[in-house]
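Keep in mind that the numbers below use all heavy atoms, side chains included, and drop hydrogens, waters and symmetry copies.
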Amino acid sequence: MKPIQIISLAVAGAVLGAVVGAGWQYWHRQQPVIGQQAEAGLLQSLPEFSFPDLQGGTRNASDWRGKVVVLNFWATWCPPCREETPLFVELQDKYGAAGVQFVGIAIDDQAPTREFVDTYGVNYPVLLGDMQAVALSKQLGNRFEGLPFTVIAGPTGRVALRHAGGMTREQIEPALQELLKRPG
């Protein structure tokens, strides 16, 4: 082999290694981990918050005290949000009576949000977020302010899971089941 070929192979190998490493780190950050020690500076419990709902009222975090809360920051224009919504509707039906409450915070305008909720048959409260909602998601661990972003908190309000990106049944359902088994 010529020296130039060896150098080219070495460079290609280094680039491939960097891409694989970056991909692994991205994947690893996307995996929800229940019970993992949270990063310093992040809220460890859901704080009190208030946002308007689609009916013109105001909903507060305390409305769901004592329940397992799945707090989902999303938008109507977000493809992964559209993909996970039917699952959330199904899981609200399945686990609602057991003490799970999904809550959507739409980072969007009222008209498209209302249309989305009607189209997808959303059966859980949907609140209208603004920059304060974006700031709340960041305090809860949404470092890059991307959507969707989901936080699951146990009945005491303690954050058990943080997840950036769309969620699958395999990611969310075991977390719900584990939190429902825990006392208190």
Side-chain angles (χ1 to χ4, degrees), residues 23 25-36 38-39 42-47 49-54 59-61 63-64 67-96 100-154 157-179:
Q25 283 187 345
Y26 174 79
W27 175 84
H28 182 70
R29 281 196 315 265
Q30 298 305 311
Q31 299 308 301
V33 179
I34 195 159
Q36 181 181 21
E39 293 179 36
L42 295 181
L43 294 176
Q44 301 303 305
S45 295
L46 288 182
F49 61 81
S50 298
F51 294 105
D53 63 19
L54 292 174
R59 300 297 299 264
N60 305 300
D63 294 348
W64 305 291
K67 294 184 178 263
V68 172
V69 175
V70 180
L71 189 61
N72 177 248
F73 297 87
W74 66 282
T76 61
W77 44 263
C78 162
C81 302
R82 290 175 173 272
E83 290 175 21
E84 70 185 5
T85 297
L87 174 63
F88 290 177
V89 168
E90 178 189 333
L91 294 176
Q92 179 62 59
D93 275 342
K94 184 174 181 178
Y95 293 104
V100 171
Q101 182 60 65
F102 282 75
V103 178
I105 299 182
I107 312 299
D108 215 325
D109 293 325
Q110 184 172 5
T113 300
R114 184 180 307 281
E115 183 178 329
F116 183 96
V117 165
D118 291 344
T119 299
Y120 285 83
V122 175
N123 57 354
Y124 50 85
V126 174
L127 313 180
L128 296 169
D130 53 13
M131 291 312 294
Q132 289 178 331
V134 173
L136 174 61
S137 78
K138 192 166 186 172
Q139 292 172 324
L140 288 167
N142 190 2
R143 294 187 318 199
F144 302 110
E145 299 175 9
L147 296 176
F149 178 73
T150 304
V151 173
I152 302 177
R158 184 119 177 110
V159 173
L161 183 144
R162 306 162 199 271
H163 183 77
M167 293 198 78
T168 64
R169 176 181 309 279
E170 295 76 22
Q171 293 169 317
I172 194 169
E173 199 163 19
L176 297 178
Q177 292 168 349
E178 182 176 327
L179 288 169

Is the backbone N or O of Gln171 less than 3.5 Å from a side-chain atom of Glu173, with the two atoms forming a donor-acceptor pair by type?
no

Counting C-beta onward and ignoring hydrogens, is there a side-chain heavy-atom pair between Gln132 and Phe51 closer than 4.5 Å?
yes

The reported gap from CG in Leu71 to OG1 in Thr150 (rounded to nearest 0.5 angstrom) is 8.0 Å

Pair Leu54-Thr113, side chain to side chain contact (heavy atoms under 4.5 Å, CB included): steps then yes or no:
CA-CA 8 Å; Leu54 292 174; Thr113 300; 4.0 Å; yes

Provide the closest heavy-atom pair for Ala175 versus Leu161 in the form atom of the first, atom of the second, distance.
CB-CD1, 3.9 Å

Is any side-chain heavy atom of Asn123 less than 4.5 Å from a side-chain heavy atom of Asp93?
yes

Rounding to 0.5 Å, atoms CG (Leu176) and CZ (Arg169) come to a distance of 10.5 Å

If you look at every heavy atom in Ala75 and Leu147, which pair is closest and at what distance?
CB-CD1, 3.7 Å

Using modelled atom types and a 3.5 Å cut-off, is there a donor and acceptor pairing between side-chain atoms of Gln92 and backbone atoms of Val100?
yes

Would you compute the distance between atom OH of Tyr95 and atom NZ of Lys67 and round it to the nearest 0.5 angstrom?
15.5 Å

Using a 4.5 Å cut-off on heavy atoms from C-beta on, say whether the side chain of Phe73 contacts that of Leu140.
yes

Identify the heavy atoms of Ile105 and Ala133 that sit nearest to each other, and give their distance.
CG2-CB, 3.7 Å

Could you check if a side-chain atom of Pro125 sits within less than 4.5 angstrom of a side-chain atom of Asp53, using non-hydrogen atoms only?
no

Testing Asp108, Asp109, Thr85, Thr119 for side chain to side chain donor-acceptor pair (under 3.5 Å) with Thr76, which one passes?
Asp108

Is there a side chain to side chain contact (heavy atoms under 4.5 Å, CB included) between Asn72 and Glu84? Walk through the geometry before answering.
CA-CA 10 Å; Asn72 177 248; Glu84 70 185 5; 3.0 Å; yes

Would you call the rings of Phe116 and Tyr120 parallel, tilted or perpendicular, where under 30° means parallel and over 60° means perpendicular?
parallel

Flag if over 12 foreign heavy atoms under 6.0 Å of CD, Glu115:
no

Can you see whether Asp63 engages Gln101 through a side-chain donor-acceptor pair at a distance of less than 3.5 angstrom?
no

With side chain to side chain contact (heavy atoms under 4.5 Å, CB included) as the test, would you mind laying out the steps for Arg162 and Asn142 before giving the verdict?
CA-CA 8 Å; Arg162 306 162 199 271; Asn142 190 2; over 6 Å; no

What residue among Trp74, Trp64, Phe88 forms ring-ring contact (aromatic ring centres under 6.0 Å, His included) with Phe102?
Phe88

CD1/Ile172 to CE/Met167 distance, rounded to the nearest 0.5 angstrom?
4.5 Å

Rounded to the nearest 0.5 Å, what separation is found between the CG atom of Leu128 and the CD1 atom of Ile107?
9.5 Å

Taking all atoms of both residues into account, what is the closest heavy-atom pair of Pro47 and Ala61, and its distance?
O-CB, 3.5 Å

